[in-house]
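Written out below as structure tokens is the structure these notes cover.
Each ligand, and each atom within it, is numbered from 1 in the order the structure gives. These figures come from a predicted structure and were not determined experimentally. The figures that follow rest on heavy atoms only: side chains count, while hydrogens, waters and symmetry mates do not.
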Amino acid sequence: MPLVQRLLVLGGGSAGFLAALACKKHVPNLEVTVLRSPELGIIGVGEGTTPIVVHFLHGFLDIDPAAFYPKARPSWKLGIRFIWGTRPYFNYSFHPQLHARYPHLSRANGFYCFDDMEHAELASSLMSQGKVFLRQPDGSPILGNDTAYHLENETFVGFLEQHALEQRIAIIEGRVVQVERDEQGISGLRLESGVTLQADLYVDCSGFRSELLGQALGEPFYSFDRTLLCDRAVVGGWPRAGEPVLPYTTSETMDAGWSWQIEHEQRINRGYVYSSDFISDAEAEAEFRRQNPKLTETRVVKFVSGRYRRGWVDNVVAMGNACGFVEPLESTSLSVICQECEGLAKTLRDSSGIVHPTHAIQYNKLHAQLWDRIRWFLSVHYRFNERLETSFWRACQQDVDIGDAQELVDYYTNNGPNTTWGATLVHPHDFFGLDGYWTLLVGQKVPHQCAYQPGPEEVSRWNEVRRTIQAKAAAGLTVDEALAVVRSQRWSWNREFYRALVR
Ligand SMILES: Cc1cc2nc3c(=O)[nH]c(=O)nc-3n(C[C@H](O)[C@H](O)[C@H](O)COP(=O)(O)OP(=O)(O)OC[C@H]3O[C@@H](n4cnc5c(N)ncnc54)[C@H](O)[C@@H]3O)c2cc1C
């Protein structure tokens with residue numbers, strides 16, 4: 001492949017702008033162009049994130065929070081509240097919850113949580129009490145590094161576009177109508193206007209259309225439909241009218257899938273993810289409206305869960321929905337995009353633009369591992385959810401392929417939420433870690449055979465620890481209170497906090 005001096009990114013959604021910004025930031029001499037078609041537009045959904053996205057934006061891209069907050073208008077997310085399994089609910093936070101072990105207790109937290117998981121750790125306790133950050137003596141928030149954002153896709157992309165222009169990234173509007181090929185892979189993109197654009201490396205961020213990787217290069221697609229049965233979402237929302245801004249995403253079991261609630265400052269965003277084999281669009285809409293009488297207009301988004309065999313083929317690197325998508329249950333797409341962007345930007349930086357097939361091999365390993373790990377983690381949500389006895393959930397309990405998660409589930413079945421072999425049970429590219437698996441299994445009250453029962457002294461010690469956590473969290477700030485502080489004159493952002501997180 002020739003020296004990479006010109007990068008052409010096809011697509012101006014979040015994947016396209018994040019890829020362009022990452023490469024420009026770490027290879028400043030690179031000529032970076034984003035090509036997008038306003039008439040095709042962007043997906044317009046994709047609002048939940050994980051802390052990886054926050055670290056990437058303010059660490060790897062070094063975007064100043066003082067510029068970001070007023071324009072992108074994020075709100076904070078500590079995790080997900082699951083209305084799932086047989087408990088009324090349980091919290092999955094980004095902070096170690098069941099994996100942690102407190103002094104004077106003989107086992108990790110998971111062993112004390114079967115009946116009651118509340119206040120097992122600080123983030124989960126903050127979530128339960130509608131608080132987002134602990135309070136400093138002067139009343140300002142103590143920001144943690146385990147916090148994610150809720151972002152409105154179009155507002156977020158609007159911010160990224162403006163930031164890209166400031167970084168001297170060219171943005172061209174036009175629609176690709178023909179892809180020209182040569183022995184390197186792709187030699188040019190012909191636009192409707194008749195112009196042909198050329199580059200040394202093409203980044204395919206064209207969304208589900210996957211114009212370059214899927215369509216032009218014909219890379220095979222691996223469907224995840226034996227694990228993830230849902231293939232559509234009906235999405236909508238309403239303007240916030242006095243409801244508190246919750247510090248988490250809610251994921252709630254529905255007849256033929258599940259629904260999300262994502263918290264924006266001015267708007268509540270909801271979506272019902274369902275399987276079209278089990279419910280029609282009209283029936284899903286009706287169930288969604290019964291659950292959410294305040295809904296205004298809705299629309300249906302179709303998707304396919306799976307990934308392309310490889311993400312980097314010849315001179316094309318694909319990111320975002322153009323290379324893979326799993327349904328939104330753990331809000332992982334933007335996090336995968338950030339990891340892929342980091343992989344490509346570091347490759348170009350550290351190779352001085354001389355890329356080899358050996359780079360593509362490693363990128364493709366990362367691509368496969370990231371998507372496959374998410375698939376297996378999500379499988380555990382579906383296989384063990386016994387909240388509703390509908391035909392969809394019966395099919396999930398009987399048929400969902402849990403693949404590589406089987407080893408973790410077998411270990412849990414024998415040993416309970418034991419942490420001894422965490423490092424060998426969980427793959428290094430697993431976002432969720434042992435804590436994530438144990439939270440989902442204990443949270444859904446999946447039975448295990450471990451005979452250990454804490455005695456009265458341990459139970460009393462455990463309850464004492466939880467009361468302390470609960471009291472500490474109760475004094476925290478709500479999202480509204482914390483937003484007011486970070487917008488006030490007295491607040492200044494500590495940029496080193498995020499820079500220190502860059503590896
Ligand atoms: C129901 C649903 C819910 C989701 N929820 C989440 C979530 O909570 N969290 C999360 O992280 N992710 C979520 N996602 C995924 C998320 O929306 C995307 O991964 C993310 O926004 C990136 O999108 P993208 O940039 O790949 O694609 P898009 O936003 O679709 O952008 C594609 C771009 O390519 C351009 N393009 C395409 N073809 C051409 C052409 N021929 N010529 C010129 N330009 C072209 C378009 O104009 C557009 O600019 C969700 C997805 C779905 C379907």
Side-chain angles (χ1 to χ4, degrees), residues 8-20 33-50 52-53 56 77 80 148-157 160-161 171-179 189-193 197 202-216 228 230-236 249-251 257-264 269-274 298-305 307 311 318-341 371 374 431:
L8 178 54
V9 179
L10 173 60
S14 47
F17 281 114
L18 289 171
T33 304
V34 173
L35 166 66
R36 52 107 189 262
S37 156
E39 92 194 353
L40 291 175
I42 61 172
I43 189 161
V45 284
E47 279 92 353
T49 65
T50 73
I52 291 171
V53 177
F56 181 81
K77 168 181 175 184
I80 303 173
Y149 287 147
H150 286 138
L151 296 162
E152 279 189 285
N153 182 247
E154 283 166 4
T155 314
F156 178 52
V157 173
L160 294 176
E161 177 175 344
I171 302 175
I172 296 179
E173 298 196 339
R175 183 170 177 160
V176 174
V177 287
Q178 197 188 330
V179 179
L189 305 183
R190 199 152 71 77
L191 309 188
E192 226 168 16
S193 63
L197 298 178
Y202 297 83
V203 184
D204 185 357
C205 297
S206 60
F208 289 130
R209 302 169 69 89
S210 195
E211 295 272 7
L212 309 184
L213 183 75
Q215 293 193 46
L228 303 171
C230 294
D231 56 358
R232 286 181 195 193
V234 51
V235 297
T249 301
T250 307
S251 295
W258 63 278
S259 70
W260 76 69
Q261 175 162 322
I262 288 179
E263 306 286 331
H264 305 302
N269 170 305
R270 296 224 62 167
Y272 176 8
V273 177
Y274 57 94
T298 61
R299 69 182 169 113
V300 171
V301 181
K302 296 182 183 174
F303 59 82
V304 178
S305 284
R307 67 167 169 90
M319 290 184 195
N321 294 343
C323 77
F325 177 68
V326 291
E327 64 126 279
L329 186 48
E330 286 279 348
S331 336
T332 46
S333 293
L334 285 169
S335 311
V336 175
I337 291 168
C338 293
Q339 301 216 333
E340 291 166 341
C341 289
W371 288 118
I374 299 169
F431 286 161

Identify, by atom number and element, the atoms of ligand 1 in contact range of [X], meaning under 4.0 Å from any of its heavy atoms.
{"X": "Arg36", "answer": "44 (N), 49 (O)"}
{"X": "Gly174", "answer": "42 (N), 43 (C)"}
{"X": "Glu211", "answer": "38 (N), 39 (C), 40 (C), 41 (N)"}
{"X": "Gly13", "answer": "25 (O), 29 (O), 31 (O), 49 (O)"}
{"X": "Gly48", "answer": "7 (C), 8 (O), 9 (N), 10 (C), 11 (O)"}
{"X": "Ala233", "answer": "1 (C)"}
{"X": "Gly320", "answer": "26 (O)"}
{"X": "Cys205", "answer": "32 (C), 33 (C), 34 (O)"}

Select one of side chain, backbone, both or neither to describe which atoms of [X] lie under 4.0 Å from any atom of ligand 1, heavy atoms only.
{"X": "Ile337", "result": "side chain"}
{"X": "Val157", "result": "neither"}
{"X": "Glu327", "result": "neither"}

What residue and heavy atom of the protein are closest to [atom], and at what distance?
{"atom": "atom 24 (P) of ligand 1", "value": "Ala15 CB, 4.0 Å"}
{"atom": "atom 19 (O) of ligand 1", "value": "Asn321 OD1, 2.9 Å"}
{"atom": "atom 29 (O) of ligand 1", "value": "Ile43 N, 3.0 Å"}
{"atom": "atom 11 (O) of ligand 1", "value": "Leu334 N, 2.7 Å"}
{"atom": "atom 46 (C) of ligand 1", "value": "Gly41 O, 3.2 Å"}
{"atom": "atom 44 (N) of ligand 1", "value": "Ser37 N, 3.3 Å"}
{"atom": "atom 42 (N) of ligand 1", "value": "Val176 N, 2.9 Å"}
{"atom": "atom 4 (C) of ligand 1", "value": "Pro328 CB, 3.6 Å"}

Euclidean distance, [Y] [atom2] relative to [X] [atom1], rounded to 0.5 Å:
{"X": "Ser37", "Y": "Leu191", "atom1": "OG", "atom2": "CG", "value": "10.0 Å"}
{"X": "Ile262", "Y": "Ser331", "atom1": "CD1", "atom2": "OG", "value": "5.5 Å"}
{"X": "Ile374", "Y": "Thr332", "atom1": "CD1", "atom2": "OG1", "value": "4.0 Å"}

Should [X] and [Y] count as side-chain neighbours, where that means a heavy-atom distance under 4.5 Å?
{"X": "Thr298", "Y": "Tyr272", "answer": "no"}
{"X": "Val203", "Y": "Glu340", "answer": "no"}
{"X": "Val45", "Y": "Asn269", "answer": "no"}
{"X": "Gln261", "Y": "Arg270", "answer": "yes"}
{"X": "Leu189", "Y": "Val179", "answer": "yes"}
{"X": "Glu152", "Y": "Glu154", "answer": "no"}
{"X": "Cys323", "Y": "Asp204", "answer": "no"}

[X], any N or O under 3.5 Å of ligand 1 N or O:
{"X": "Pro38", "answer": "no"}
{"X": "Ser14", "answer": "yes"}
{"X": "Val45", "answer": "yes"}
{"X": "Ser335", "answer": "no"}
{"X": "Phe303", "answer": "no"}

query = When the aromatic ring centroids of Phe208 and Phe303 are compared, is their separation below 6.0 Å?
reply =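 Centroid distance Phe208-Phe303: not below 6.0 Å, so no.
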task = Answer yes or no for Asn153: is there a heavy-atom contact with ligand 1 below 4.0 Å?
result =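 The answer is yes: ligand 1 sits under 4.0 Å from a heavy atom of Asn153.
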key: Any Phe17 heavy atom less than 4.0 Å to ligand 1   =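 Phe17 does not count as a contact of ligand 1 under the 4.0 Å cut-off.
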key: Given Ile171, Val9, Ile172, Leu10, the one that forms side chain to side chain contact (heavy atoms under 4.5 Å, CB included) with Arg36   =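 Of Ile171, Val9, Ile172, Leu10, side chain to side chain contact (heavy atoms under 4.5 Å, CB included) with Arg36 is met by Ile171 alone.
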request  = Check the pair Glu330 / Phe431 against side chain to side chain contact (heavy atoms under 4.5 Å, CB included), numbers first and verdict last.
outcome  = CA-CA 10 Å; Glu330 286 279 348; Phe431 286 161; over 6 Å; no
Without swapping roles, check the side chain of [X] against the backbone of [Y] for a donor-acceptor pair under 3.5 Å.
{"X": "Gln215", "Y": "Arg209", "result": "yes"}
{"X": "Lys77", "Y": "Gly48", "result": "no"}
{"X": "Ser206", "Y": "Glu211", "result": "yes"}

key: Closest candidate by heavy atom, reference atom 27 (O) of ligand 1, pool Gly16, Gly207, Ala148, Ser305   = Gly207
